[in-house]
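A short worksheet on the structure shown next.
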There are 2 protein chains.
Amino acid sequence: MTSTTKVVPDIVIGRLPLYLRALTYLAEESRELTSSQELSDRLGISPAQIRKDLSHFGEFGKQGTGYNILFLSQQLQRILHLAEEWEVVLVGAGDLGHALVHYGGFEGRGFRIAVVFDRDPQKIGKKLGESEIFDVEAMPTIIKDMGIKVSIIAVPASDAHTVADTLIESGVRAILNYAPITLSVPPHVQVQYIDPVIHLQRMTYYLA
Amino acid sequence: MTSTTKVVPDIVIGRLPLYLRALTYLAEESRELTSSQELSDRLGISPAQIRKDLSHFGEFGKQGTGYNILFLSQQLQRILHLAEEWEVVLVGAGDLGHALVHYGGFEGRGFRIAVVFDRDPQKIGKKLGESEIFDVEAMPTIIKDMGIKVSIIAVPASDAHTVADTLIESGVRAILNYAPITLSVPPHVQVQYIDPVIHLQRMTYYLA
DNA sequence: TAGATTGTTAATCGATTAACAATC
DNA sequence: TAGATTGTTAATCGATTAACAATC
């Protein structure tokens, strides 16, 4: 019998970034303390669940007082491995790629788009954000050299799986996939999906 | 005692668009039939769960044979209210707004960005996609006139809640929110969120 | 001290899975 | 008929919630 390491449920992990985001807004309001009740009001997640989620990782609050906002933020950043900034590789320099590079929301939240690839010769060599656009052919070399572990796929669906395979063989361990396909990846690789149509279709079910 | 209408769990509704997307790819391969096992292989959702999910809405397959791809697609489109195309209002004509308008992925999947708003006088009056960019001040009038029910928020976080409130008072019932804040909305309004950083932070937890 | 709020336990609730009769 | 696969039931598994002792 091997030891059964108590794993924190993935659904709990998925809520931690929401807690962190809410805490960041509270900190901007120059607040010092908060409570599971206040976080609940802001996030629509029950106070009991917030306390239970946090309890998987330690004791971060004080009875009668609540949570110190900066302290809890720091702890969540540590738990989520956001103490240092992750360099991100972006594949796809189309409209979406441009929007992502010019998006200010990565800064201060743990990520920086450090290198961009595309396969279009018209785009290769041009500057995009802090990076030049490189040929996808150069992906394995450059990604390995830079030691990049986090990626964003913003290419058409037809190219996405090939790109994912190349990213993985280049050492990438996390993929944020904007292409509307499910990727098949080995267990050590994390994948998250963003497909706006999936979200819209989920809502229209509830419309008369 | 009021009658307890058996409600289909929201988590089930959330998977239906994935089934529909997979079926669309199968149809493009000119296939006629599929099975819960094949959908499982493509989606990473168990065959039992797929069958159970579908059983909430009727019997769409044949024992020993499986599911007719076009028939099941049609049924899912009907269930999700995608038989007709929804006109969508986009608020925010920045980089993200441009990317969304030029994104080809809405067509044929039930949505069309029919009107765009921004508050920047430099942008108002210019063309974006099939719409002119209108002043956000005109939102209530135009949205009510057009009878639009579905929206996308692509403005900075600081403006997002005001925009959401205006959308709701204009009759919108579904909001896809790209701003990194949780919205507080009445129960008859659906909200879905897209924040790439949340997805990235969820993955880095698993990276050494 | 009185009031507030945590961390945790146990109960409840809900979702997933396994298994199989029905049947194409 | 033999093989395949659905739809459904019951069992299992896991997540959420309620409640409260501990304590700031």
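In the text below, chain A, chain B and the rest are named by the order of the sequence lines, each starting its count at 1.
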key: Test item: side-chain donor near acceptor, A:Gln37 and A:Asp41, under 3.5 Å   = yes
task = Ignoring hydrogens and angles, state whether a donor on the side chain of B:Asp53 or B:Tyr19 is under 3.5 Å from an acceptor on the partner side chain.
result = yes
Of the listed nucleotides [options], the one nearest the side chain of [X]:
X: A:Pro9; options: C:dC24, D:dA15, D:dT23; value: D:dA15
X: A:Glu59; options: C:dT8, C:dA22, D:dA22; value: C:dT8
X: B:Lys52; options: C:dT8, D:dG7, D:dT8; value: D:dT8
X: A:Ser36; options: C:dT6, D:dT5, D:dA18; value: C:dT6
X: A:Ser46; options: D:dA22, D:dT17, D:dT16; value: D:dT17
X: B:Gln63; options: D:dC24, D:dT16, C:dC24; value: C:dC24

inquiry  = Just checking A:Arg119: does its CZ atom have more than 12 heavy atoms from other residues, nucleotides or ligands closer to it than 6.0 angstrom?
reply    = no
Do [X] and [Y] have side chains that get closer than 4.5 Å, going by heavy atoms?
X: B:Tyr206; Y: A:Asp10; answer: yes
X: A:Leu80; Y: A:Pro17; answer: yes
X: B:Tyr67; Y: B:Leu33; answer: no
X: B:Ile153; Y: B:Leu183; answer: yes

inquiry  = Walk me through whether A:Arg202 and A:Asp195 qualify under salt bridge (charged side-chain N to carboxylate O under 4.0 Å, His left out).
reply    = CA-CA 11 Å; A:Arg202 181 180 186 151; A:Asp195 178 349; over 6 Å; no
Protein-nucleotide distance ([X], atom [atom1]; [N], atom [atom2]), rounded to Å:
X: A:Asp53; N: D:dA15; atom1: CG; atom2: P; result: 10 Å
X: B:Phe57; N: D:dT8; atom1: CZ; atom2: P; result: 13 Å
X: A:Phe60; N: D:dT23; atom1: CZ; atom2: C1'; result: 19 Å
X: A:Phe71; N: C:dT6; atom1: CZ; atom2: P; result: 14 Å
X: A:Arg51; N: C:dT5; atom1: CZ; atom2: P; result: 10 Å
X: A:Ile11; N: C:dG14; atom1: CD1; atom2: P; result: 14 Å
X: A:His56; N: C:dT6; atom1: NE2; atom2: P; result: 17 Å
X: A:Gln49; N: C:dG7; atom1: CD; atom2: P; result: 15 Å

note = With B:Arg112 as partner, the option from B:Glu107, B:Glu84, B:Glu85 fulfilling salt bridge (Lys or Arg N to Asp or Glu O under 4.0 Å) is B:Glu85
key: Pairing string, 5' to 3', for DNA chain D - Watson-Crick or wobble contacts under 3.5 Å, brackets [ ] where pairs cross, | to another strand   = ..||||||||||||||||||||||
task = Mind running side chain to side chain contact (heavy atoms under 4.5 Å, CB included) on A:Arg31 and A:Glu38 for me, showing each step along the way?
result = CA-CA 12 Å; A:Arg31 300 273 309 286; A:Glu38 185 176 44; 2.9 Å; yes
task = Output the residues of residues 13-29 of chain A in contact with DNA chain D, where contact means a heavy atom of the residue under 4.0 Å from an atom of the strand; sort by number or write none.
result = A:Arg15
task = Report yes if at least one side-chain N or O of A:Tyr67 is closer than 4.0 Å to OP1 or OP2 of D:dC24; otherwise report no.
result = no
